[in-house]
K.L.:
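Structure in structure tokens, see below.
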There are 2 protein chains.
Amino acid sequence: MSPYDPSAFPPFAVTVDLVVLTVRRHALCALAVRRGEPPFQGRWALPGGFVRADEDLAAAAARELIEETGLLAHDPTGPAPVNGAHLEQLATYGDPDRDPRMRVVSVAHLALAPDLPAPRAGGDAHSARWAPVESLLGRDGAGRDGASRDEEEGAPLAFDHATILADGVERARSKIEYSSLATAFCSREFTVGELRRVYEAVWGVALDPRNFHRKVTGTPGFLVPTGGTTTRQGGRPAQLFRAGGATVLNPPMLRPEP
Amino acid sequence: MSPYDPSAFPPFAVTVDLVVLTVRRHALCALAVRRGEPPFQGRWALPGGFVRADEDLAAAAARELIEETGLLAHDPTGPAPVNGAHLEQLATYGDPDRDPRMRVVSVAHLALAPDLPAPRAGGDAHSARWAPVESLLGRDGAGRDGASRDEEEGAPLAFDHATILADGVERARSKIEYSSLATAFCSREFTVGELRRVYEAVWGVALDPRNFHRKVTGTPGFLVPTGGTTTRQGGRPAQLFRAGGATVLNPPMLRPEP
DNA sequence: TCAAAAGTGTTAGGTCTACACCCATGA
DNA sequence: TCATGGGTGTAGACCTAACACTTTTGA
């Protein structure tokens, strides 16, 4: 068999899909767009699109992220942009039946963003919204009883996007344990308490504020004090920090048992 | 723009490439095949091949693994096969220039296998061999001086396979830290000392045999004693174990500093 | 003055490291 | 008998969880 004979391999369409996570009102939320055409017309889906002919996968994901949110993906080799977001490859999904029309392989990416004003619909999407991941995954106990709700908020995500979202959430949950990634959910300057509330929202647990404070301030290179303080959370003024250069957290932050 | 208009997106070829790791003679080794045709003819590369038209990505990877090694990939939902190997998706590589002839997106997979008799060349590969990863990555200080050695053992891997291999090795090195994955490098029954030598080879460090023994035997569900013993390593007879059901290691095995 | 959030101290209990020591076999 | 690897004990350093307590603001 001649592996590179053009007639010897089937053609694929390649897309990037994005799991864009943020923390809003104490809950982990993901960006969802409403599909404007079949299949799954009217259903919610993850943002995404085709990879262009001469475009790298990471570039395609960064382009989609800008189109959907206006966020610049953070390139670790360059200067940090004002509205930076963390962007990494998540996994690739290529079940032959995942798209009913043709063979599509989707390279999913995970983006972590600070709380943003309001999503703007981009491309061919009718509308976009931030929704709690538990609700998008149908785990929030919200009524799914009664008649079909295919085109309403409670309907399952299109394609295999529920699987992709679940994988992205699990990646984020485990990765903030041993890396400084949680700071990607915060704005450029933040307090220790705000960072703790990120952990609490992502993990869905309560953490001891005193031990958390000691832990993060005691890890060299994790947090850099800016000198400023804020009282935006009420109470005693809190020091402001920026994310330090350290990217791995050793020893890790421990996720409490249920 | 109509996203699914067949003329609106570029066609891609999709392949799976395999990083197959094993531990041989106290060194972490990877499976390499010699390319039989251009480009990179005569150079070593990772095994891989095209995904078929109606084939899942995982199925394609498992098929390639069998073709190259005869190993069955372990399906966690089914009964453990006799010669099982761990197989998981690693990452996807899609730089537009990674293959000089056409646009190829490669979904790389990572396989961990026990020490095997001898690789059999499969498909279009001229030959196959196990080689220490440090040598395949050109980090072993072996003479690369003098004349070009394009078609010899010391030449760099074809395409971007050095990057893929490095990513796979790094994944394996970090994953045995907090999971029971190291047992995938052992045969079905193994001793604590054999498991320790796996860690030592993968990490390239020396571990304290006493503390290691306490650690692994003290983690519930990690190791299951079979009742048998062996003296194949010399010295006092050692208990034989099988891998237990536990897949996460908590607390993790700590990788010593250099 | 009070509530709320920030930040510090302290103590008991666990885990890891390093090393001393004994055990069971083959040569 | 000796070398080799298997396995257990123990003391100190380190880490963590839990919780009492002080500090500094806005209302």
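The basis for the numbers below is simple: all heavy atoms, side chains too, and nothing from hydrogens, waters or symmetry mates. Per chain, numbering begins at 1; letters A, B, ... match sequence-line order.
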K.L.:
What pairs meet the ring-ring contact (aromatic ring centres under 6.0 Å, His included) rule with one or both residues in residues 205-231 of chain A, with sequence neighbours excluded?
P.N.:
A/Tyr199-A/Phe212
K.L.:
Using the test side chain to side chain contact (heavy atoms under 4.5 Å, CB included), find all partners of A/Glu200 that sit at least two apart in sequence or belong to another chain.
P.N.:
A/His26, A/Arg196, A/Arg197, A/Ala206, A/Leu207
K.L.:
When we call it a touch if two heavy atoms are under 4.0 Å apart, what does A/Pro251 touch: a base, just sugar-phosphate, or nothing?
P.N.:
sugar-phosphate
K.L.:
With a 4.5 Å heavy-atom cut-off, do B/Lys215 and B/Pro251 have their side chains touching?
P.N.:
yes
K.L.:
Nearest nucleotide by nearest heavy atom, which residue falls closer to the 5' end of DNA chain D, A/Arg210 or A/Gly234?
P.N.:
A/Arg210
K.L.:
With a strict under 4.0 Å distance from non-hydrogen atoms of chain A, what nucleotide opens and what nucleotide closes the contacted stretch of DNA chain D, reading 5' to 3'?
P.N.:
D/dT16 to D/dT25
K.L.:
Using a 6.0 Å distance limit plus a 45 degree cone around the ring axis, check whether B/Arg25 lies over the aromatic ring of B/Trp130.
P.N.:
no
K.L.:
If you define the side chain from C-beta out and look only at heavy atoms, does anything of A/Arg255 sit under 4.5 Å from A/Val205?
P.N.:
no
K.L.:
Output all residues satisfying side chain to side chain contact (heavy atoms under 4.5 Å, CB included) with A/Ala243, sequence neighbours left out; order by chain, then residue number.
P.N.:
A/Thr183
K.L.:
Assign B/Arg196 to base, sugar-phosphate, or nothing according to its heavy-atom contacts below 4.0 angstrom with the strands shown.
P.N.:
sugar-phosphate
K.L.:
Go through the side-chain N and O atoms of B/Asp167 and B/Tyr93 and say whether any donor and acceptor fall under 3.5 Å apart.
P.N.:
yes
K.L.:
Taking heavy atoms of chain B and a 4.0 Å limit, find me the 5'-most and 3'-most nucleotide of DNA chain C within that range.
P.N.:
C/dC16 to C/dT25
K.L.:
Quick one: label B/Arg197 by what it contacts on the DNA or RNA (base, sugar-phosphate, nothing), any heavy atom closer than 4.0 Å.
P.N.:
sugar-phosphate
K.L.:
Is any side-chain heavy atom of A/His161 closer than 4.5 Å to a side-chain heavy atom of A/Leu136?
P.N.:
no
K.L.:
Any non-hydrogen side-chain atom of A/Glu64 less than 4.5 Å from a side-chain atom of A/Val20?
P.N.:
no
K.L.:
Side-chain contact test, heavy atoms from C-beta onward, threshold under 4.5 Å: evaluate it for A/Val202 versus A/Lys175 and give yes or no.
P.N.:
no
K.L.:
Specify the residues of residues 211-231 of chain A, ordered by number, for which at least one heavy atom lies under 4.0 angstrom from an atom of DNA chain C.
P.N.:
A/His213, A/Arg214
